[in-house]
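Remember, it's 1-based here, ligands and their atoms both numbered in the order they're listed.
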Amino acid sequence: MITSQKGTRDLLPPETRVWNRVEAVAREVFSLYGYDEIRTPVFEATELFVRSVGEGTDIVHKEMYTFTDRGGRSVTLRPENTAGVARAFVEHRLGQAGRPWKLYYLGPQFRYERPQKGRYREFRQIGAEVLGDPTALIDAEVIVMLFDFLGRLQFTGLSVSLNSVGTEATRPAYVEAVRSFFSSNEGSLGEDDRRRLAENPMRVLDSKDPAVRLLVASAAFPKLVDLLPALDPASDAHHRELKSLLVRKQVPFKEDPLLVRGLDYYTRTVFEVTAQGLGAQDALLGGGRYDRLVSDLGGPKTPGIGFAIGEDRLVEVLPEAFRRAALEGTRPVAVLPVGVPDLHEAFAVAGELRRGGIAVDLFSSHRGLGSALKAVEKAGLALAVLVGENERLRGSVLVKEMATRTQSEVAREQLVEWLRPRL
Ligand code: AMP
């Protein structure tokens, strides 16, 4: 038997109804905020991710699905979607439109990670990006939109962790402070973290090693937000304004001076939302501002901000009421021919019901009516419309209510009206 690949999975019905409902709500909410969908390719030039996500990151270092295609090009299955959006923005010169672009995407992403609860090699993200607006107002609105979306999925009690990672004006001084802190504690670092320290000291902050967690939690660990007022007053003002806007919009947030996020392109605002029920390290979503990404990719200087929600994780921790409503949906009505000669007539009845807006599951009764009715029951359908010769001659059909096994003869032209209140 050929099975699915490690870290990938099939999403089967009825679970796919939950996914579809989540995606429908995402599209609905994002368009209420003026966003349009963008669809970028699933694979890109490897160089795109090396340059944007960053050479020293775990993603680029050990998690990419990279291969050489038949034409000898190095391509990579996208590990995230912001790089592809920024590439498309530059390639199609969207910056020339002279207005900000608000874009959202949904789709699969690929990372060669160790599969575990909530972590897959093929996973799906729902994300949004704003390109061309540098203000804290947009940061606040992006977070407000996110909470609007999560609220409509009936999440309660979520809060966003917030930090500022400064800009190129602050980075070198802060990276130096972090490097010197870890260097003076190098004895506590494992092999992986020493490599990170040499490549990019900020990456050590992502380490899950308990000894490193302890160091980072200590009071002596340098915090960028404390340095911002002196090093970069503009970033400091941006951060303060965002916080005051969130307070005004009553969005609950926690400041987390240690939040850095595992991608290199972030500047200023970074945020995450974690949910109970997932592992401690497993954020439901992450996002931030990336004011240099577009110009680093050869485009005009264009500020950006966005987030990516892990849809697999989102569905895993979805509130029960939302999940139940999505699973139940509206059940179709079964239509069955009584005998083989009634098949065409059953097809016609199914068409009439569908034109009347009623979902129909047409059964062929190829193993006889009795076994078709059993299949209707197993599918959990409540109503079965039996199309047989006797009723046809009278211009009617038989409707069986599966739970009570009662049967009623209903005139064809009244069938839609008769069924509707009973769905
Ligand atoms: P990132 O692109 O790393 O900022 O991740 C954004 C979100 O995608 C995370 O918060 C997770 O919810 C989700 N995510 C990242 N990697 C995986 C994975 N391997 N499996 C499932 N979800 C993931």
Side-chain angles (χ1 to χ4, degrees), residues 4-11 15 19 22-23 26 40 42 44 48-50 52-54 56-65 76-86 104-129 142-143 146-147 149-150 153 155 158-163 165 200 202-203 205-208 256 258-267 269-290 293 304-318:
S4 61
Q5 291 294 290
K6 192 173 172 185
T8 71
R9 57 193 183 135
D10 302 306
L11 303 174
E15 189 66 7
W19 286 72
V22 165
E23 290 165 13
T40 63
V42 163
E44 300 267 2
L48 173 67
F49 302 112
V50 174
S52 57
V53 174
T57 61
D58 277 357
I59 294 179
V60 169
H61 193 74
K62 51 187 188 192
E63 293 173 358
M64 292 208 303
Y65 274 92
T76 295
L77 301 185
R78 62 185 185 197
E80 56 95 63
N81 219 147
T82 303
V85 171
Y104 74 84
Y105 61 81
L106 299 97
Q109 318 292 336
F110 304 86
R111 291 183 198 175
Y112 197 85
E113 288 199 65
R114 198 162 59 79
Q116 48 187 297
K117 189 173 162 49
R119 218 171 261 251
Y120 306 95
R121 288 181 174 173
E122 182 194 37
F123 60 101
R124 293 119 198 120
Q125 285 184 337
I126 300 177
E129 318 283 354
V142 161
I143 295 172
L146 207 40
F147 272 74
F149 172 56
L150 295 171
L153 302 183
F155 279 101
L158 293 177
S159 136
V160 59
S161 303
L162 196 65
N163 192 21
V165 294
N200 179 352
M202 299 302 285
R203 289 280 78 78
L205 277 151
D206 294 335
S207 171
K208 293 169 181 91
D256 180 357
L258 300 176
L259 180 66
V260 287
R261 316 234 341 94
L263 301 100
D264 272 356
Y265 50 61
Y266 287 115
T267 51
T269 309
V270 289
F271 55 91
E272 265 183 15
V273 173
T274 33
Q276 280 173 354
L278 292 167
Q281 297 292 326
D282 288 336
L284 194 56
L285 64 94
R289 182 162 273 291
Y290 46 87
L293 179 59
I305 178 164
F307 61 79
I309 304 170
E311 195 178 357
D312 302 71
R313 295 179 186 178
L314 185 71
V315 168
E316 232 149 276
V317 295
L318 212 51

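For the pair Y105 and I126, the minimum side-chain heavy-atom distance is 4.5 Å or more.
Counting only non-hydrogen atoms, the option in K117, R313, E80 that gets closest to atom 22 (N) of ligand 1 is R313. Within the set E63, E113, Q125, E316, the minimum heavy-atom distance to atom 19 (N) of ligand 1 is found for E113.
Around the OH atom of Y112, the shell of radius 6.0 Å holds no more than 12 heavy atoms that belong to other residues, nucleotides or ligands. Counting non-hydrogen atoms of neighbouring residues, nucleotides and ligands closer than 6.0 angstrom, the CD atom of Q5 reaches no more than 12 such neighbours.
At a heavy-atom cutoff of 4.0 Å, ligand 1 is contacted by the side chain of R111 but not by its backbone.
At least one N or O atom of Y120, backbone or side chain, sits closer than 3.5 Å to an N or O atom of ligand 1.
Remark: the T40 side chain and the N81 side chain contain an N/O donor-acceptor pair separated by less than 3.5 Å.
Heavy-atom proximity to L284, at under 4.0 Å, picks out these atoms of ligand 1: 10 (O), 12 (O). Distances below 4.0 Å separate heavy atoms of G118 from the following atoms of ligand 1: 20 (N), 21 (C), 22 (N). Taking every non-hydrogen atom of L285 and a distance limit under 4.0 Å, the qualifying atoms of ligand 1 come out as 10 (O). The A308 neighbourhood of ligand 1 comprises atoms 6 (C), 7 (C), with distances under 4.0 Å to a heavy atom of that residue. Near A283, meaning under 4.0 Å from any of its heavy atoms, are these atoms of ligand 1: 9 (C), 10 (O), 11 (C), 12 (O).
Not a single heavy atom of D312 sits under 4.0 Å from any atom of ligand 1.
At least one donor-acceptor pair under 3.5 Å links the side chain of R78 to the backbone N or O of P108. With N163 contributing its side chain and L259 its backbone, the two residues share a donor-acceptor pair below 3.5 Å.
Applying salt bridge (Lys or Arg N to Asp or Glu O under 4.0 Å) to D312 and the options R121, K117, R124 leaves one that passes, R124.
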